[in-house]
Amino acid sequence: MMSQTYLVAVRRDFSTRILWFMLCLLALLVSASAQSRGDAFQFGEVDLEFLDQIKQLDKKFDDQGLVFQDPASNAWLEKLGRSMLGPEDELENVVWRFRILRDSSLNAFALPNGSIYMHAGLLARLETEPQAAAVLAHEIIHVRNRHSYLGYRSYRKKMLTVNLLSIAGAYGGGIGLGASLAAQFMLSLSIVGHSRDLEKEADLEGLKRITQTPYGSQPMVDALECFMNSYEVELRGEPFYGDHPKTKDRIAYLQEAVSKHTQPGNGSSVPAAKEYYQKIIASVTRHDIKLAIDDGLYRTAVRLGKRLTEFAPDAANKVALADAYAALGPRPLDPSAEETTRQGKREAKKRRNKLTSQEEDRALAATPAGGELQKANYKEAEKLYLQAVELEPKNAMAWRGLGELYEKQSRHQNSIDAYRKYVEFQPAAMDRLMIMRRIKAMEAKSTPAAPQER
Amino acid sequence: MSSLYRCSHCTFLLLLAAAFAASPALGQKLHPRMKQGDSIVNRVVILPVSVTLTKSGMKGGEPMEKEAAEAAPIIERAIAKAMIEKKLFVLDSPFKPEALLADEKLKYAAADLQRKYHELYIKMRRKQKDIEKGRFTLGDEVLLLNQDDNIDAFLFVDVHGQRKSKGMKTLGAITMAPILMLSTYIISVGIADARTGDILAYNQAASIFDITKPEDKRLVEMLNKMFKKLPAGRGPEAVVEKP
């Protein structure tokens, strides 16, 4: 009896010690993170190892064909990026590079080695050069203030605490386990919170930086406003990572900051600025339309194509828009009211998870409304391809598009004729073999089968 | 109660570890055409191997990009060996980074095809049985990478590995949680018809041993087991009927 009482007392004492241990750990962690934010940045062994890994990642983007290699667009972005740098941006272990990533999502990111990547999807969505400059300013601040290293350091410390707490929790009995789980949860939240703080810092300091340029302060807010109206039905919530503040909140605090130090700028919203940007970015947008189609962002592809042809209705842009309409197929350009309801989103998500893109197209086209929409979109695509051919009779891509469109509609002879034109105008095309096989297959279908020998 | 829970937890995880240790082939699914036993594949090309490695330590996850880049050729060589065992002829890949340097269009085409495969891969993994129904295809755009029409199939290889640090292993020992002590590696290989894009086979295996070491017998054994159901080829010179 006595020994049992003694054991209970020992256990209680042990649990109390564990709790104290946890509290000390948390206090240490808070003081450590406060220290790291205040001091000037000095590279440690872990930071250098992290940098090595990042350099490898940078190389991987290149090797895997994820970087958009268009000399004119790259030169423009490089020039714009460098114009946002100051003499204070000569940093240890940073080589500034501004590049375009072949990705249709709305994002940009900075690697701590100074490589800043703008997604093609983001560049295509922005409306003016100052807006692109504002995004670059935000990313430059991430590198300048060593946010990746600070984030990584903070994450490591917090994870260490989480793991030590789990040891303590395992031996601390019921109270210890409960306290450990609660502390782990709080720490996980604080990892995200820290990241959001760094994003806010990049927003506000980026704003200061762009305010010092002829672009003025408004483009930062304008850039974020571009993301607010999605062309697609968002199935995965807000199109940003959980480690960013909400776009609405970002706009609000930036708007507040703008009102404090207003700098009119050189007129980022005038139509001339928009037209200038569209021309500069045309090849990126055309490339992004292809990427968006591959990613199932058909509405985005059409919207971008429309904007492109609005500013420059040339054959290449018309072909890009026609491709987008052909891919839109059995869908309406604007999401229907039904699609935007919770039930509609759930169904769309389910369909997307379950079916391949071809299967999804077929399922939608099989409905009466989908069938009608497909007809209308195909008609629009055909009209645009024909306009492109009229503008440039030897535009191979327009003929290729027509060939594909007619093939989808089972207009085999029209398709064969269009494909033949494509091969004629682009004899060294990479997809020549594919096209020739398609022609052969359609010819076989068109030719009546020979009577079988008995 | 707590010790009983820990004990059962340990037993379950040890059983799981034992199962993993034998490197079981988690999935071997074949397209109906492959199931018929016809050798429709003879000459294959292994597309750039995608390796994702992370180190799970006391201080959280760490990227292992360098190690992943070093592991890719090791795995590629091991897969080539396994293919040769199956009497398949492995052609030199025209998609190696150095080869693609001069050809941006080909680089994009290879990247886009891999991206398309990875999108399909998510659906394939969920519905592996549908591979046997011949449901999945990448479309005839695969021909962009088969311009000379001399390739029968492309191999898409994905490796995901999570290495445990010493600290993590110690944590696992202290908290009696074997899952914290064991590194895990999952390898999957999708075989796509290089003319039609049809997914002909999907193979997946897992291991707790480091399969990224050069000349590791365990990796070869694992791959041989993984490709057990794959019909053997007819040798490099065999002419395959083109669709």
Side-chain angles (χ1 to χ4, degrees), chain A residues 46 49-50 52-60 62-70 102-103 152-153 155-164 166-171 173-174 177 191 287 290-291 294-296 352-359 429-438 441, chain B residues 2 6 48 50 57-69 95-98 100-101 103-112 114-116 119-120 122-124 126-127 135-137 139-149 167-168 170-171 174-177 180 195-196 242-243:
Chain A
V46 173
E49 273 173 26
F50 183 55
D52 257 4
Q53 299 286 356
I54 291 299
K55 281 181 183 166
Q56 187 61 45
L57 181 71
D58 212 0
K59 188 177 171 291
K60 192 170 151 183
D62 245 334
D63 291 347
Q64 292 188 344
L66 299 177
V67 181
F68 185 55
Q69 305 287 3
D70 174 56
R102 296 179 60 236
D103 192 309
Y152 189 52
R153 282 180 185 181
Y155 163 78
R156 283 169 63 86
K157 277 175 197 153
K158 284 169 185 166
M159 285 309 291
L160 179 65
T161 316
V162 166
N163 284 325
L164 289 176
S166 63
I167 297 178
Y171 289 93
L177 189 66
I191 293 173
H287 193 77
K290 268 189 211 161
L291 295 172
D294 286 348
D295 290 340
R352 192 147 280 194
N353 287 338
K354 210 172 161 187
L355 304 177
T356 63
S357 54
Q358 301 101 315
E359 288 168 343
M430 240 183 111
D431 55 358
R432 190 188 162 92
L433 179 65
M434 179 181 98
I435 298 296
M436 294 312 288
R437 273 180 190 273
R438 285 182 184 177
Chain B
S2 166
R6 265 188 216 140
S50 154
M58 284 291 280
K59 291 179 180 173
E62 287 175 31
M64 295 182 81
E65 292 295 338
K66 265 180 123 175
E67 293 79 355
F95 312 112
K96 286 190 172 143
E98 53 273 24
L100 291 177
L101 269 180
D103 194 343
E104 282 304 326
K105 274 190 181 172
L106 190 62
K107 199 174 182 180
Y108 288 171
D112 292 345
Q114 284 206 309
R115 195 164 58 175
K116 202 169 177 185
E119 252 172 49
L120 201 63
I122 301 166
K123 287 171 182 115
M124 276 185 340
R126 279 194 196 132
K127 285 269 178 191
R135 178 187 159 201
F136 300 108
T137 181
D140 61 356
E141 280 163 31
V142 287
L143 281 165
L144 288 175
L145 303 186
N146 189 13
Q147 292 176 50
D148 298 332
D149 200 12
M168 205 56 169
T170 314
L171 175 70
I174 294 171
T175 55
M176 286 193 272
L180 297 179
R195 294 183 184 94
T196 61
K242 290 166 191 169

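Model, not experiment: these values are computed from the prediction. Numbered from 1 within each chain, the chains take letters A, B, ... in sequence-line order. Atoms considered below: every heavy atom in the structure, side chains included; atoms not considered: hydrogens, waters and symmetry mates.
Contact tally against chain B (heavy-atom pairs below 4.5 Å) for A/Q56, A/R102, A/Q69, A/Q64: the top residue is A/R102. The residue among A/D62, A/D294, A/N353 with the most heavy atom pairs within less than 4.5 Å of chain B is A/N353. With respect to chain B, the highest number of heavy-atom pairs below 4.5 Å among A/K59, A/M434, A/R438 belongs to A/M434. Of the listed residues B/G61, B/G57, B/P48, the one with more heavy-atom pairs under 4.5 angstrom with chain A than any other is B/G61. The most heavy-atom pairs under 4.5 Å with chain A, out of B/M168, B/E62, B/E141, come from B/E62. For the set B/L120, B/L145, B/D112, the entry with the most heavy-atom pairs within less than 4.5 Å of chain A is B/D112.
Residue B/E104 touches chain A through its side chain alone, counting heavy-atom pairs closer than 4.5 Å. In this structure, chain B has no heavy atom under 4.5 Å from any part of A/I54. Neither the backbone nor the side chain of A/V46 comes within less than 4.5 Å of any heavy atom in chain B. The contact between B/T137 and chain A is made by backbone and side chain atoms together, counting heavy-atom distances below 4.5 Å. Of the two parts of B/P63, the backbone and the side chain both hold a non-hydrogen atom closer than 4.5 Å to a non-hydrogen atom of chain A. Contacts between B/F136 and chain A at a heavy-atom distance below 4.5 Å involve the side chain alone, from C-beta outward. In this structure, chain B has a heavy atom under 4.5 Å from the side chain of A/Y152, while its backbone stays farther away. Interface residue B/L106: backbone and side-chain heavy atoms are both found under 4.5 Å from chain A.
Not a single donor-acceptor pair under 3.5 Å links the side chain of B/K127 to the backbone N or O of A/K354. The backbone N or O of B/E65 sits less than 3.5 Å from a side-chain atom of A/Q53, completing a donor-acceptor pair. B/K123 places a side-chain N or O within 3.5 Å of a backbone atom of A/R352 that can act as its donor or acceptor partner.
Between A/D52 and B/K66 there is a salt bridge, with a side-chain nitrogen of the basic residue lying less than 4.0 Å from a carboxylate oxygen of the acidic one.
Contact between A/D63 and B/K107 at its shortest, heavy atoms only, is O-CE, 3.9 Å. A/G65 approaches B/A111 most closely through the heavy-atom pair O-CB, 3.9 Å. Nearest heavy-atom pair across B/L144 and A/M430 is O-CE, 3.6 Å.
Counting non-hydrogen atoms of neighbouring residues, nucleotides and ligands closer than 6.0 angstrom, the NZ atom of B/K59 reaches no more than 12 such neighbours. For NZ of A/K290, the number of neighbouring non-hydrogen atoms (other residues, nucleotides, ligands) closer than 6.0 Å is 12 at most.
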Set out, in order, the CA-CA distance, both residues' side-chain angles and the distance that settles side chain to side chain contact (heavy atoms under 4.5 Å, CB included) for B/D140 and A/R437, then state yes or no. CA-CA 9 Å; B/D140 61 356; A/R437 273 180 190 273; over 6 Å; no

Walk me through whether A/T356 and B/E119 qualify under side chain to side chain contact (heavy atoms under 4.5 Å, CB included). CA-CA 9 Å; A/T356 63; B/E119 252 172 49; over 6 Å; no

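Between A/M436 and B/L143, every side-chain heavy-atom pair lies at or beyond the 4.5 Å cut-off.
Between A/H287 and B/Y108, the ring-plane angle classifies as tilted under the 30° and 60° cut-offs.
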